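The structure under discussion appears below in the form of structure tokens.
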Amino acid sequence: MKRFSKTLTASALVFALACSSLTNASTVEAASKVTIKKVTVKAPSGKTCILAKGKSVSLTATVSGSPKKTVAKKYQAVTYKSANTKIASVTKKGLVKGRKVGKTTIKVTSKKNKKKSASIKVIVKKNPVKKITLKTKSASLSVGETANIKASISPSKQVSKKLSYKSSNQKVATVSAKGKVTAKGEGSAKITVSATDGSKKKAVFNVKVGIGIQSVKVTGPESLLVTLSAPKNLARTDFTIHSGSKEYGFSHLWEDYQAKSYDGGKTYEISLNDAYDSLYPNEYVKISIPKLSIDNEKEEIISYSDISADKSNDRNSYVTSCVGEPYSSSWYIDDSVPMTYEITSLPAGLKACFSEDKTQLVVRGRFTSICNGASTILTGTDVKGNVYHRTYYFYVGSDTQVVAKPIVCEVEKYRPSTETESAYGDHYIFLSDYLSISGPSYSENDYTYSSTDLPSIFKMTDDGLVTYANDENVVPGNYSFHLTLTYKSGENSYSTTIPVTITVCDTVKITGVLRDADGIGIPNAYVSFVSKYDSNGRCYYHGCYTDANGYYSAYVIPAQYKIASRGVIRIITVTSGGNVDLYSPYHLVKFVTDDMSQASRVSLDSSITLERGYTNSYNLSTFKQWNNESKSYEATNYLYAYLLPGTYDINSYTSESDRTYTCYDANGKILGKSYLNAQSFTVTGNQTITLSRTAYLFS
């Protein structure tokens with residue numbers, strides 16, 4: 001038994017020695033394949049080591065080669081040697097000490113491959129840094145914003161001015177080698193600013209990064225666009241909106257509005273729904289979002305162009321008169337907006353009369369000659385420095401000469417009436433609507449209309465109504481012809497011929513769904529499309545109703561539109577067909593009464609008014625339900641209103657007679673009378689409210 005044990009032990013020893021030999025051979029073989037390719041070295045000051053006399057800094061050497069991981073772990077050993085130890089000495093671990101003012105170099109060599117080395121220039125300064133002073137010690141940045149750290153060093157002479165920067169949290173803020181801070185995410189970070197000359201002097205720059213209001217843009221009398229510095233999920237109640245003048249303060253607090261983002265929280269479209277107020281030029285609007293950690297309030301002055309809904313700052317006006325007739329008129333860009341005015345030269349016989357401050361202008365005189373399109377430009381400048389233009393065109397005839405302006409207009413391509421879901425535009429034109437005419441008569445209706453080169457797609461009546469010759473074969477494009485206008489008075493006849501250009505516009509299909517605040521489709525709601533007005537004050541107007549589930553579709557001419565329905569306003573540019581969903585801020589609230597049978601609830605009258613706050617009031621309407629059999633909306637036996645969250649009142653100051661209603665049963669038989677009691681209720685979502693009323697029978 002003992003003999004067997006000794007034999008087994010000896011065998012194990014032989015096996016272990018064999019394995020050891022193999023391992024050592026493998027290690028030697030692996031080591032022989034290691035290749036050192038490069039040595040690099042840097043100091044805290046960078047590629048040049050700049051330090052103060054009597055101070056020390058550590059060099060960082062890096063050896064690279066292959067295999068990369070093996071070299072990084074096992075072959076980083078290097079040697080250091082100073083070319084002039086009287087100027088700078090260096091230890092085996094790379095600690096450099098400044099001995100004397102001057103310059104030298106330190107050579108760094110790989111221990112594995114002495115042929116691979118690098119050198120770093122060393123500059124020794126006379127004075128160490130005693131203090132680092134920051135111009136500003138902190139910054140509040142929005143995500144994506146940058147700030148530059150500005151630092152000064154004392155003493156200012158014979159000292160290293162090279163600084164290093166390090167962020168305590170790179171997820172919040174990063175910093176470049178030159179001190180440029182870039183905000184990355186919400187939170188706080190400290191940027192440590194350090195001297196690199198061995199003096200160990202530091203300063204701290206505190207960074208607070210958050211999401212703030214980047215800009216506020218007024219897009220209409222009842223709409224705003226708020227852009228954040230980065231996306232953030234906000235609710236309607238996170239916004240506070242004031243408007244008013246600087247002189248009297250922000251006196252108006254908006255209560256009835258929507259705030260909705262369609263791009264993931266970067267921009268929010270604000271719809272202001274106060275029926276008694278709107279935004280006015282030269283006033284201010286102030287947006288506050290307390291939930292934001294920085295830049296949570298912003299003011300913006302409202303200019304005329306913000307709310308004018310015009311395509312540009314250029315507008316046109318047309319003056320018609322006759323030679324010898326007196327003319328007197330106030331000229332302005334907008335009479336409700338203070339502006340200072342300038343004007344170019346006027347036709348002979350007219351004179352411009354300015355007020356002393358040039359905010360008012362009257363043009364008066366008598367025309368002395370025929371004018372057929374002569375123009376004058378009125379220039380107005382508002383308080384923001386925005387410049388606007390209105391071009392006045394003159395068409396001045398005489399008792400024997402007719403003068404009229406050329407006609408340029410647009411009409412939609414016809415679409416078959418079978419597309420009942422579409423919002424139809426006009427497929428005809430009254431040319432008289434586009435005329436500015438003067439001569440023996442100013443009335444467009446006194447003239448007959450004719451053309452010898454009318455395009456074949458049109459037909460025209462003698463009173464200027466242009467329609468399609470064949471609705472089914474209409475090709476979009478520009479069509480030009482000449483229009484002859486003729487006026488007859490007894491045996492005398494007067495006429496003129498003017499050019500006409502009609503653009504037939506193709507339409508695109510816009511679809512979408514209108515939802516309430518609870519995400520339920522709103523049925524039978526009107527959705528309007530109004531384009532920006534052109535320089536002549538004309539626009540496209542479309543409208544359609546949602547179906548039983550809140551879906552709508554409309555055909556519109558490509559343009560910029562204000563889409564509005566149920567308290568939501570969106571400004572969109574339509575270039576092609578697509579989907580535009582609408583989200584109302586209102587909840588559907590239905591109303592029933594507590595005193596009579598279900599059938600008698602039709603006695604509730606839609607003239608009932610709900611009060612909320614100081615100015616807002618809401619009228620109730622009879623709710624209509626879609627009937628699939630009749631394919632129509634039918635009135636139900638309850639009233640409804642779409643309301644914002646809050647408390648509403650049927651006020652006690654309303655007289656009893658005004659709150660008294662006749663009650664009927666389902667067959668129309670009079671049951672008696674009742675009156676609504678003064679009461680209040682709170683809206684928190686889509687719900688049914690039971691109204692209290694006192695009923696009594698006829699005697």
Side-chain angles (χ1 to χ4, degrees), residues 315-329 331 345-350 363-376 390-412 414 426-471 474 477-504 534-538:
R315 297 155 181 79
N316 296 332
S317 290
Y318 301 94
V319 177
T320 56
S321 187
C322 273
V323 173
E325 287 187 357
Y327 177 82
S328 181
S329 179
W331 285 15
S345 59
L346 291 165
L350 297 186
V363 176
R364 50 171 74 103
R366 291 177 184 269
F367 292 97
T368 60
S369 59
I370 300 291
C371 293
N372 194 356
S375 63
T376 295
R390 186 185 291 275
T391 303
Y392 286 79
Y393 294 92
F394 300 93
Y395 292 92
V396 180
S398 69
D399 292 339
T400 59
Q401 184 170 344
V402 181
V403 174
K405 77 176 183 68
I407 294 176
V408 178
C409 56
E410 296 174 325
V411 66
E412 292 183 17
Y414 176 78
D426 293 335
H427 306 128
Y428 56 85
I429 299 173
F430 280 106
L431 295 179
S432 58
D433 292 341
Y434 299 88
L435 271 178
S436 288
I437 192 168
S438 66
S441 173
Y442 293 108
S443 175
E444 292 84 359
N445 297 327
D446 290 342
Y447 291 82
T448 58
Y449 297 71
S450 62
S451 176
T452 59
D453 58 349
L454 185 71
S456 59
I457 72 162
F458 298 124
K459 57 184 178 180
M460 183 176 65
T461 61
D462 61 4
D463 61 353
L465 173 62
V466 175
T467 57
Y468 292 125
N470 185 338
D471 289 334
V474 175
N478 295 323
Y479 296 87
S480 299
F481 60 96
H482 293 84
L483 175 67
T484 299
L485 301 165
T486 303
Y487 172 74
K488 290 185 177 181
S489 177
E491 297 180 355
N492 298 319
S493 178
Y494 310 96
S495 65
T496 189
T497 299
I498 60 173
V500 177
T501 300
I502 298 177
T503 300
V504 176
D534 64 16
S535 58
N536 292 313
R538 295 188 295 266

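All figures in this text were calculated on a predicted structure; none of them were measured in a lab. Along the sequence shown, the residues carry numbers beginning at 1.
Between the side chains of Ser451 and Asp453, a donor-acceptor pair is found at a separation under 3.5 Å. No hydrogens or angles considered: nothing links the side chains of Ser436 and Thr320 as a donor-acceptor pair under 3.5 Å. Between Asn478 and Thr503, the side chains place a donor N or O and an acceptor N or O closer than 3.5 Å (distance only, hydrogens not considered).
The shortest side-chain heavy-atom distance between Ile407 and Leu483 falls under the 4.5 Å cut-off. Side-chain contact check for Tyr327 versus Leu350: some heavy-atom pair is nearer than 4.5 Å. Two residues are said to be in side-chain contact when any heavy atoms from C-beta on lie closer than 4.5 Å; Thr461 and Tyr449 fail this criterion. Within the 4.5 Å cutoff, the side chain of Thr486 has heavy atoms near those of the Ser493 side chain. At least one side-chain heavy atom of Ile429 sits under 4.5 Å from a side-chain heavy atom of Cys409. Looking only at side-chain heavy atoms (C-beta outward), Tyr442 and Ile437 stay at 4.5 Å or farther from each other. Side-chain atoms of Ile370 and Ser398, non-hydrogen and from C-beta on, do get closer than 4.5 Å to each other. In this structure the side chain of Thr484 reaches within 4.5 angstrom of the side chain of Ser450, judged on heavy atoms.
In this structure, Lys405 forms no cation-pi arrangement with Tyr393, as its terminal cationic atom is not both closer than 6.0 Å to the ring centre and no more than 45° off the ring axis.
Across all their heavy atoms, Val319 and Phe367 have their closest contact at CG1-CZ, 4.1 Å. Contact detail for Ser441 and Ser443: the closest heavy-atom pair is OG-N, 3.2 Å. Residues Val396 and Val403 share a closest heavy-atom pair of O-CG2, 3.6 Å. Shortest non-hydrogen contact noted between Gln401 and Pro440 is O-CD, 4.1 Å. Closest of all the heavy-atom pairs between Ala469 and Ser456 is CB-O, 3.4 Å. Summarising the geometry of Tyr395 relative to Gly373, their closest heavy-atom pair is CE2-N, 3.5 Å, with the distance given to 0.1 Å.
The distance from atom CZ of Phe481 to atom OG1 of Thr501, rounded to the nearest 0.5 Å, is 8.5 Å. In this structure, OG in Ser328 is found 4.5 Å from CZ in Arg364, a value given to the nearest 0.5 Å. The line from OH of Tyr414 to CD of Glu412 is 12.5 Å long, rounded to the nearest 0.5 Å. With rounding to the nearest 0.5 angstrom, the CD1 atom of Ile457 is 9.0 Å from the CG atom of Leu454. To the nearest 0.5 Å, the span separating CG on Asn316 from OG1 on Thr391 amounts to 5.5 Å. Taking OG of Ser480 as the reference point, atom CD1 of Ile502 lies at 9.0 Å (rounded to 0.5 Å).
Although no hydrogens or angles enter the test, the distance criterion places no donor-acceptor pair under 3.5 Å between the side chain of Ser489 and the main chain of Asn492. Looking at Thr376, its side chain does come within 3.5 Å of a backbone N or O of Ser345 through a donor-acceptor pair. In terms of modelled atom types and a separation under 3.5 Å, the side chain of Ser438 and the main chain of Ser321 share a donor-acceptor contact. Distance alone, capped at 3.5 Å, is enough to place a donor-acceptor pair between the Arg366 side chain and the Gly324 backbone.
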Report task. Evaluate side chain to side chain contact (heavy atoms under 4.5 Å, CB included) for Tyr392 paired with Tyr318, printing each intermediate quantity in order. Result -> CA-CA 6 Å; Tyr392 286 79; Tyr318 301 94; over 6 Å; no
**Report entry** side chain to side chain contact (heavy atoms under 4.5 Å, CB included) evaluation trace for Phe458 with Thr467
**Finding:** CA-CA 6 Å; Phe458 298 124; Thr467 57; over 6 Å; no
Report task. Just do the side chain to side chain contact (heavy atoms under 4.5 Å, CB included) check on Ile498 and Leu485 with the steps written out, would you? Result -> CA-CA 8 Å; Ile498 60 173; Leu485 301 165; 4.2 Å; yes
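Atom CG of Asp433 has more than 12 neighbouring heavy atoms from other residues, nucleotides or ligands inside a 6.0 Å radius.
Checked against a 6.0 Å centroid threshold, the rings of Tyr447 and Tyr487 count as neighbours.
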